Amino acid sequence: MIAGASMVTPDGVLDEGWLEVQDGRIAGLGSGPPPRTPDRDLTGQWLVPGFVDMHSHGGGGATVMGADAGQVQTFGATHRRRGTTTLMASLVSGPVDQLERDVRALAELAADGLIAGVHLEGPWISAARKGAHDENVLTAPDPADVRRLLDAGGGAVRMVTLAPELEHGLDAVRTVAAAGAVAAVGHTDAPYEVVTEAVQAGATVATHLFNAMTPLHHRSPGPIMALLEDERVTLELILDGAHLHPAIAAHVRASAGAERVALVTDAMEATDVGDGEYVLGGLAVRVQDGVARLVEGGSIAGSTLTMDSAFRFAVRHAGFSMVDAVRATSATPARTLGIGDRVGALKEGLAADAVVLDADLQVSAVLARGEWVA
Ligand SMILES: [Zn+2]
């Protein structure tokens, strides 16, 4: 039993909220005097749902590419300390054989509950919008390869980012969606019309909207307009202050609504480690002042962001209310991944995943499946 916090639920903020945990789940919640003596008093603090990060490559010095169980543990623990209780493992582009090995290894760890699933970001993306992906391994989505990687995961591949303009691109969207995974449009140079078709074919996510896609132009609206205007599409935003101007994030929230925004980290291994030299998907990366860039060419190479920091940025600089920021860091990504019936809200019956934030919105404690994280 915890009590006293301002608790953000799907229906709004409960002042002096209480929440009861039983067997790792939320057994009840309300406001006012708790039904029994609380085990922990959270007066003066916020209680929000555990964060759901659907796009993350690493952290704490670990990367999910070629990772063993220990590295994935480090990755998970690093983000969990910052409030992320549901974490997808994102693989960057690589040769299909290597990706198949990684998917198999990560699928086992997903079955153990270490990660929520696997996100394939490439290799079926545009060389023209490759960002920090190795151009030599980029390819069109051969239908047999798409099947092969989905099958290797046995259901653990929950999201695939691809460029729909590539040969077989729209077929790949259909195959991914039919397999019950999320087809995401990203790293794309596609015209507006092709992205519209991809959404009709079942694509439901914009992978880091604005980043690694053709910019908006009034005679050629491109992917951004097509993704923004269809309410079936969840819009990933990287709010680290480097990837997007805060006014852009505020505009997306106001025009599309917070229920369509999913804040993601796109974090790489330097997250919570510090500046220095790293490798991402085989390419050399330099992290300076927390911003990761390719040594060659200077492309932004993921981020060193954590979800708590994205949450604060949304509230302080992008006009998100607490309720909006909670939606964009929990309910929306959970719903998008198809796991909204298990995680993503302070609601009876869901996993007891929650973050205690102090008055400055810094993490002061994390509850994961009903256990306090050290
Ligand atoms: Zn990424």
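Since the model is a prediction, treat every value here as computed from it, not as a measurement. When a ligand or atom number is given, it counts from 1 through the structure's own listing order. For the numbers below, each heavy atom of this structure counts, side chains included, while hydrogens, waters and symmetry mates do not.
- The Zn ion (ligand 1) has no N, O or S atom of H208 inside 2.8 Å of it.
- Using cut-offs of 30° and 60° on the angle between ring planes, the pair F75 and H79 is perpendicular.
- Within D266, the N, O or S atom lying nearest to the Zn ion (ligand 1) carries the name OD1.
- Within the cation-pi definition used here (under 6.0 Å to the ring centroid, within 45° of the axis), R40 qualifies as a partner of W372.
- Using a 30° and 60° split on the angle between ring planes, H119 and H55 fall in the perpendicular class, above 60°.
- Using a 3.5 Å distance cut-off with no hydrogens or angles, the side chains of E229 and Y192 do pair a donor with an acceptor.
- Nearest N/O/S atom of E121 with respect to the Zn ion (ligand 1) is recorded as OE1.
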